[in-house]
Amino acid sequence: MANAKNSKKKMRRIATEEAFSIPEVAAALRGVARSPSHSPDMILVKRIYDAPPNDKSPMGVMKDRLIDLEDERLRDMDENSVDMQILSLTAPGVQMFDADTATELAALANDRLAEVIKRHPGRFAGLATFAPQSPKRAAKEMDRAINKLKLNGFILNSHTNSEYLDDPKYWPFLEAAEALDACIYIHPRAASDGLAAPFRDYGLDSAQWGYGVEVSTHAVRMIVSGLFDHFPKLKICIGHMGEGVHFWFWRLDYMNKHAQDRGSAPKIKLTPSEYFKRNFVITTSGVESPMALDYSIKALGIDNVMWAIDYPYQPSAPAVKFMDTAPVSEAEREKLYHGNAERIFHIPAAAAAKAAGH
Ligand code: VNL
Ligand code: MN
């Protein structure tokens, strides 16, 4: 930690779960906000995308902060010595739209992402959006996003119409992601219909609690269904310190075996924790707990943990301070801050840093 100040100047910082939107998606979400949907996502969608014009509350100004890429965002990055943000279309992405609208808007968002990365090489990378509502077209868009637009991976905002990726109808795009060697970041959205009822009180259907339960459930469904025996090389990233999944390793492994023996869970080749360690990586987005970081590194290995801020939902300065002062070696800090992100999201180490003027 004696080096913390020194490292603040020199160490490349890549923030891996940083949210953005484009005006067209924001406008479509405003349409959703005014629709009769009962989805628990409506709370956030209304607050952000249908805020009264004079609403200066944090959620009232969030739409502008999400759409801004080159003004306040770059200033905030400079002020906090954040070299690069890996941008992803913010939740719920295109997943509340009909299949055609979702497919069209995903492609548009990906085009915009590629444009801003081109204008600021070294400052931004991007996770491409796709429309799970139309799995075959999603697979095509994935191919375009990686091979033509040169984006760095994919973002998925958890369930789509309350369905999860263990459903084989989604497998065409899982096959594509695996073949492209591109990681899918599963980001939270409000819980699916069947999961949502107990979260309706106390503001639980939010980042406070419901988001984490939604994504951890998604991850566990993928694992215990045997999906990773079909896609052994598929890489999934989850944020918020792994949404707590690895805290459950011991019990999950033990009880999954019982469930298999009873015939209520399918036979799978590895234990749940082995799949998690093989097929998942996690980020620290929105969790600035040294104790949770320490446990995560011990449970998953230093190569499987990456730093994130969760901009603009959370402030950059404390996230930087958290990682600058984390009780790890400098070699470990390099991996957390950029080395692992460069590997997982195929970000060039030297060229991009040079382009950024470092
Ligand atoms: C919030 C936090 C929302 C982080 C997010 O995505 C997020 C929130 C919609 O506090 O509402 O990534
Ligand atoms: Mn986030």
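No experiment lies behind these values; they were computed from the predicted model shown. Residue indices begin at 1 and follow the sequence shown. Counting convention: from 1, in listed order, for ligands and their atoms alike.
Using a 4.0 Å heavy-atom cutoff, Met59 is listed among the residues neighbouring ligand 1. Heavy-atom separations between His187 and ligand 1 include at least one value shorter than 4.0 Å.
Counting only protein N, O or S atoms closer than 2.8 Å to the Mn ion (ligand 2) gives 3.
Just one residue in the list Asp310, Ile309, Ile238 forms a side-chain contact (heavy atoms from CB on, under 4.5 Å) with Ser285, and that residue is Asp310. Exactly one residue among Phe154, Tyr275, Tyr185, Phe228 makes a side-chain contact (heavy atoms from CB on, under 4.5 Å) with Ile236. That residue is Phe228.
No part of Arg189 comes within 4.0 Å of ligand 1, judged by heavy-atom distances.
A salt bridge links Arg137 with Asp100: at least one charged nitrogen is closer than 4.0 Å to a carboxylate oxygen.
The side-chain contact (heavy atoms from CB on, under 4.5 Å) check on Lys46 picks up Ala33, Met42, with sequence neighbours excluded. Taking the side-chain contact (heavy atoms from CB on, under 4.5 Å) definition, one finds that Asp78 meets it with Arg123, sequence neighbours left out.
Scanning the protein for heavy atoms near atom 9 (C) of ligand 1, the closest one is Tyr313 OH, 3.5 Å. If you check which protein heavy atom lies closest to atom 10 (O) of ligand 1, you get Ala207 CB, 3.8 Å.
Pairs engaging residues 26-36 under the side chain to side chain donor-acceptor pair (under 3.5 Å) rule: Arg34-Asp50 [sequence neighbours left out].
Numbered from 1 in the order shown, with element, the atoms of ligand 1 that lie under 4.0 Å from a heavy atom of Ala91 read 9 (C).
The aromatic ring centroids of Tyr211 and His187 lie 6.0 Å or more from each other. When ring centroids are compared, Trp307 and Phe322 stay outside the 6.0 Å threshold.
Geometrically, ligand 1 and Asp310 share a nitrogen or oxygen pair separated by less than 3.5 Å.
Within the cation-pi definition used here (under 6.0 Å to the ring centroid, within 45° of the axis), Arg65 qualifies as a partner of Tyr311.
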